[in-house]
Amino acid sequence: LVSEIRLRQVLDSRGNRTVEADVVTESGGFGRAAAPSGASTGEYEAIELDPSEAIASAREHAVPRLEGKVFVGDQRDVDRTLRAADGTDDFSEIGANSAVAISMAASKAAADVTGAPLYQHLGGAFRGEEFPTPLGNVIGGGEHAADATAIQEFLAVPVGAPSVQDAVFANAAVHQEVHDLLAERDIAAGKGDEGAWAPSIEDDEAFELMAEATDAVADEVGFDIKFGLDVAGAEMYDEDDEEYVYRETTRSTDEQIEYIADLVEEYELAYVEDPLDEDDYSGFAELTEKVGDRTLVCGDDLFVTNVERLATGIEQGAGNSILVKPNQIGTLSDAVDAVELAVENGYEPVISHRSGETEDTTIAHLAVATGAPYIKTGAVGGERTAKLNELIRIEQNVSRL
Ligand code: PGA
Ligand code: ZN
């Protein structure tokens with residue numbers, strides 16, 4: 001039984017304030033979690049409020065309905081109560097940032113009470129034994145860095161890695177290799193919000209660098225490393241002119257679909273996220289028809305972890321993969337529902353961080369608990385390695401059980 005919920009503001013990786021929740025139970029269980037925050041947020045995401053407003057509103061509406069009334073072991077009840085307390089369908093009353101922090105903290109308190117690791121508590125006795133392949137952001141721009149690539153993320157995908165640990169190390173090695181290649185070409189580069197290199201280069205050059213870096217590291221480690229993209233098409237799309245705006249060119253929707261399909265061919269891309277605008281189900285469907293047998297076509301801003309939007313996508317054949325961000329929808333139960341609907345329909349779930357993150361490691365546990373085939377949580381940097389290192393620990397822990 002929840003005995004106390006404490007809410008506070010803490011810092012995220014961009015230096016912005018975010019909501020952290022502690023959940024304490026009558027039996028002495030304790031859980032703590034913090035909300036992440038996006039920069040290239042989808043139009044249909046649950047609403048993130050100013051953290052001080054989110055906390056004030058959650059204290060008024062949600063905390064009294066939870067304290068002394070709800071058991072942390074019943075995650076569905078915790079999350080239903082958060083929804084009922086909020087009363088809107090997008091968490092615009094208490095804020096998805098308050099909701100997700102409380103939801104995740106409650107799950108950790110429940111795990112603490114049972115003494116099970118969080119992945120085991122969330123996944124249950126019949127949890128699968130698959131570990132997620134980490135997608136590592138190594139070059140990026142878009143909304144995550146000024147004057148860098150137009151495409152938001154170039155991600156290493158270590159498809160042949162024999163273990164999570166090998167995969168995590170490989171992604172970091174690709175990140176390092178890209179640095180060396182940039183230095184060879186005398187290209188200066190700082191880092192974007194997720195720790196990816198953010199050089200002022202055309203996307204064409206980033207493709208060359210990724211191909212060279214993944215090949216070089218693959219040779220070194222002895223397994224296959226591919227790469228992929230988060231185009232973040234909604235950020236690039238100019239609705240008035242109906243075109244995708246790159247650094248030195250623009251593309252109509254048809255040209256964009258052609259362009260992405262050509263890139264999938266040329267670079268054997270393993271992954272393409274948000275290639276098109278967040279309203280363009282039919283464009284997603286057309287691209288999926290073309291290349292869906294060869295690559296993952298993943299909806300992030302398109303689906304926003306929302307089962308209704310995913311159902312629309314399934315109906316239309318839009319994409320074959322969904323990005324799952326608990327804070328996009330507001331609770332762990334909703335995120336798990338999205339994973340389940342995806343899996344039932346042959347869509348690959350990719351559990352994901354946000355560009356603004358904290359040391360919180362819940363998504364690493366969620367990925368293992370749900371048997372998700374992929375996790376996207378960066379390649380380097382403390383708030384990213386918090387999750388990656390947790391995955392390495394979980395892998396070791398599981399193989400010892
Ligand atoms: P965001 O970016 O967290 O800034 O939305 C991540 C993504 O688009 O996948
Ligand atoms: Zn995205």
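Order of appearance sets the numbers: ligands from 1, and atoms from 1 within every ligand.
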Quick one: which ligand 1 atoms are inside 4.0 Å of a heavy atom on Ser40?
-> 1 (P), 2 (O), 4 (O), 5 (O), 8 (O)

How far apart are the closest heavy atoms of Arg309 and Glu278, and which atoms are they?
-> NH2-O, 2.9 Å

Distance, nearest 0.5 Å, that separates CZ of Phe30 from CD of Glu4 | 10.0 Å

With only distance considered, is Ser37 within less than 3.5 Å of ligand 1 through an N or O on each side?
-> no

Atom pair CD1 (Ile351) and OG1 (Thr377), whose distance is rounded to the nearest 0.5 Å = 11.0 Å

Heavy atom under 4.0 Å from ligand 1: found in Glu143's side chain, backbone, both, or neither?
-> neither

Pull out every atom of ligand 1 sitting under 4.0 Å from any heavy atom of Ala39, numbered as shown with elements.
-> 1 (P), 4 (O), 5 (O)

Have a look at ligand 1 and work out which part of His353, if any, has a heavy atom under 4.0 Å from it: side chain, backbone, both or neither.
-> neither

Decide whether Gln75 and Ser103 meet the rule of one side-chain donor and one side-chain acceptor closer than 3.5 Å.
-> yes

His144, any N or O under 3.5 Å of ligand 1 N or O = yes

For ligand 1, which atoms, with element, lie under 4.0 Å from some heavy atom of Asp230?
-> 7 (C), 8 (O), 9 (O)

Donor + acceptor pair across side chains of Asp280, Ser282 (<3.5 Å) | yes

Sub-4.0 Å heavy-atom contact, Leu323 with ligand 1 | yes

Please confirm whether Ser352 comes within less than 3.5 Å of ligand 1 when only nitrogen or oxygen atoms on both sides are compared.
-> no

Working to the nearest 0.5 Å, report the span between CD of Gln152 and CG of Leu229.
-> 11.0 Å

Atom 5 (O) of ligand 1 sits nearest the protein heavy atom Arg354 NH2, 2.7 Å

Pull out every atom of ligand 1 sitting under 4.0 Å from any heavy atom of Glu153, numbered as shown with elements.
-> 6 (C), 7 (C), 9 (O)

Note: Asp274, heavy atoms under 4.0 Å from ligand 1, region reported as neither

May I ask you to identify the nearest protein heavy atom to atom 6 (C) of ligand 1, giving residue, atom name and distance to one decimal place in Å?
-> Lys325 NZ, 3.5 Å

Taking the N/O/S atoms of Glu273 one by one, which is nearest to the Zn ion (ligand 2)?
-> OE2

If you check every N/O/S atom of Asp230, which is the one nearest the Zn ion (ligand 2)?
-> OD2

Are any of the N or O atoms of Gly38 closer than 3.5 Å to those of ligand 1?
-> no

Cation-pi, Tyr246 ring and Arg251 (6.0 angstrom, 45 degrees) = yes

Determine the interplanar angle of the Phe154 and Phe207 rings, folded into 0 to 90°, and report it as parallel if under 30°, tilted if 30 to 60°, perpendicular if over 60°.
-> perpendicular

For atom 9 (O) of ligand 1, what's the nearest protein heavy atom and its distance?
-> Lys376 NZ, 2.7 Å

Under 3.5 Å side-chain donor-acceptor pair for Ser333 and Thr331 = no

Per-atom contacts of ligand 1 with Asp300, taking only distances under 4.0 Å to non-hydrogen atoms | 7 (C), 8 (O), 9 (O)

Under the criterion side chain to side chain contact (heavy atoms under 4.5 Å, CB included), which of Thr305, Ile329, Val304, Asn306 is the partner of Tyr44?
-> Val304

Is Arg80 paired with Asp77 through a side-chain N to carboxylate O contact shorter than 4.0 Å?
-> yes

For atom 8 (O) of ligand 1, closest protein heavy-atom neighbour = Gln152 NE2, 2.9 Å

For Pro132, the option from Leu366, Thr370, Ile375 that meets side chain to side chain contact (heavy atoms under 4.5 Å, CB included) = Ile375

the protein heavy atom lying closest to atom 3 (O) of ligand 1 turns out to be Ser355 N, 2.8 Å

Mind checking the CG-NE2 spacing from Asp230 to His144? Nearest 0.5 Å is all I need.
-> 7.5 Å

Heteroatom N/O/S of Asp300 within less than 2.8 Å of the Zn ion (ligand 2) = yes

